[in-house]
Amino acid sequence: MAATRATAARIVALRFDGDALVLLDQTQLPWRERYLRLTSAEQVADAIRRLAVRGAPMIGVAAAYAMALDPRPELLKAARPTAVNLARAVDRVAAAPNRLAEARAIHAEEEAASDAIAAHGADFLAGAGARRILTHCNTGALAAPGRGTALAVIAELALRGGLEPVLATESRPLLQGARLTVWELAKLEIPHELIVDSAAPGLIASGALDAVIVGCDRVTANGDVANKVGTYGLALAAQAAGIPFVVAGPTSTIDPGTPTGADITIEERDPDEVRAAGGQPLTLPGTRTRNPAFDVTPAALITALVTERGITSPR
Ligand code: MRU
C-alpha cells in the first residue's frame, strides 16, 4: 500500500483555550464535528460521563484541565471509575503548586508517549510479520492526545507500508469502533473493514488475522489489563489461534497500586445503552440488562505490552 496521510490528517480532539477546555464532542461523531467549550468541573464531569470525551489518557487530560479551571477532585474522579488515568491526573494536579502548568505537563507527556508507542508497537508488529491486524474500540487521536495508542501503532504500520485492510470491531453498545475508529481510519486514508463484535473470534480462528492490538484502561501490578468489554474474548481467540495479542498504552495507565484485575472496579453503565442503538429501541422496553463497559484480560494471555518506554511481556 502507498504511504497514507497517517500523520498529515491531524485530529485534535482536546485543547485548552486560556479560559475553557475545548472538546470535539465524540457523541456526535461520525456525523457532525461539533466542539464543546467547557469552563466548570461539572461540565467536564458530565462530558466524561456521557463519553463526549473518552479513552483513558484523554479523560485524564480533560480532568487535569478541569482541575486547573475549577478544582473539584471528588466530582471529577467519580465521573468514570475504571481508567486509572482519571484519578491519577486529578491527584497530580491537586498536589501541584501551579495547576495549569501541571495540566499542560500531563497533556505534553501523553502526546510524547503516543509517538513513542506508535514507533515501538510498529517495530514489534513488523518484526512479527503482522500485516493483517484487528483492533477493538477506539484508541486513536480521539482517545489519547497525539496519535493515540493501539491505533497509532496501526497508523505507523500503514505509513511504513504493507498493511492489509485493518479489521475494526463495532464495539457495542456505544459503537466506538463503528463510529470513531472508522472515522479516524477514513480521515487517515487507511484501508479498513468493519465487523460486528461477534464475528471476531471466528475470523481469528479461520487464520484471517496475524495479530490483535488493543488499548488499555488500567494495567494492574500483576499485568492484568482492563479494557473495553469484548477484549477478553479477543485475547482468548488470539491465544487459541496462536497469534500475538498486543496491548498498547502509556505508563500513566499502569497502576501498581491495584494488585490484580479482580481488584479493578468495572463500570456498569445505563441499561438503555443495551436496550437501544442510535435512539432506536432494540428490545422490549424495561428488559433487564447487564452493561459492563470493560472486562479484564489476564496477563497470561498478553503477548506484549507496548508503552512509551518499549515492549514488556506481562506473562
Ligand atoms: O469507554 P471508552 O470508550 O472510554 O473505552 C475506551 C477503551 O476501552 C480504550 O481501549 C482505552 O481507554 C484506551 S484509549 C487509548
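Each ligand, and each atom within it, is numbered from 1 in the order the structure gives. Residue numbers count from 1 along this sequence.
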Among Leu125, Val212, Ile243, Leu167, which residue satisfies the side chain to side chain contact (heavy atoms under 4.5 Å, CB included) criterion with Ile133?
Leu125
Give me the one residue out of Thr149, Asn85, Thr307 that meets side-chain hydrogen bond (donor to acceptor under 3.5 Å, both in side chains) with Thr253.
Asn85
Will you find, in the side chains of Ser252 and Glu110, an N or O donor that is under 3.5 Å from an N or O acceptor?
yes
Tabulating one pair per line, provide the atom names and distances (0.1 Å) for every N/O atom of ligand 1 that is less than 3.5 Å from a protein N/O atom.
residue, atom, partner, partner atom, Å
ligand 1, 1 (O), Arg80, NH1, 3.3
ligand 1, 1 (O), Arg80, NH2, 2.8
ligand 1, 1 (O), Lys228, NZ, 2.7
ligand 1, 3 (O), Arg54, NE, 2.5
ligand 1, 3 (O), Arg54, NH2, 3.3
ligand 1, 3 (O), Gln176, NE2, 2.9
ligand 1, 4 (O), Gly55, N, 3.1
ligand 1, 4 (O), Arg80, NH1, 2.8
ligand 1, 8 (O), Asp217, OD1, 2.9
ligand 1, 8 (O), Asn227, OD1, 3.1
ligand 1, 8 (O), Lys228, N, 3.2
ligand 1, 10 (O), Asn227, OD1, 2.6
ligand 1, 12 (O), Ala56, N, 2.9
ligand 1, 12 (O), Asp217, OD1, 3.1
ligand 1, 12 (O), Asp217, OD2, 3.0

Could you check if a side-chain atom of Glu33 sits within less than 4.5 angstrom of a side-chain atom of Trp183, using non-hydrogen atoms only?
yes
I'd like to know if the side chain of Asn138 pairs up with that of Arg179 as donor and acceptor (distance under 3.5 Å, no hydrogens or angles considered).
no
Does the side chain of Ile264 come within less than 4.5 Å of Thr82's, by heavy atoms?
yes
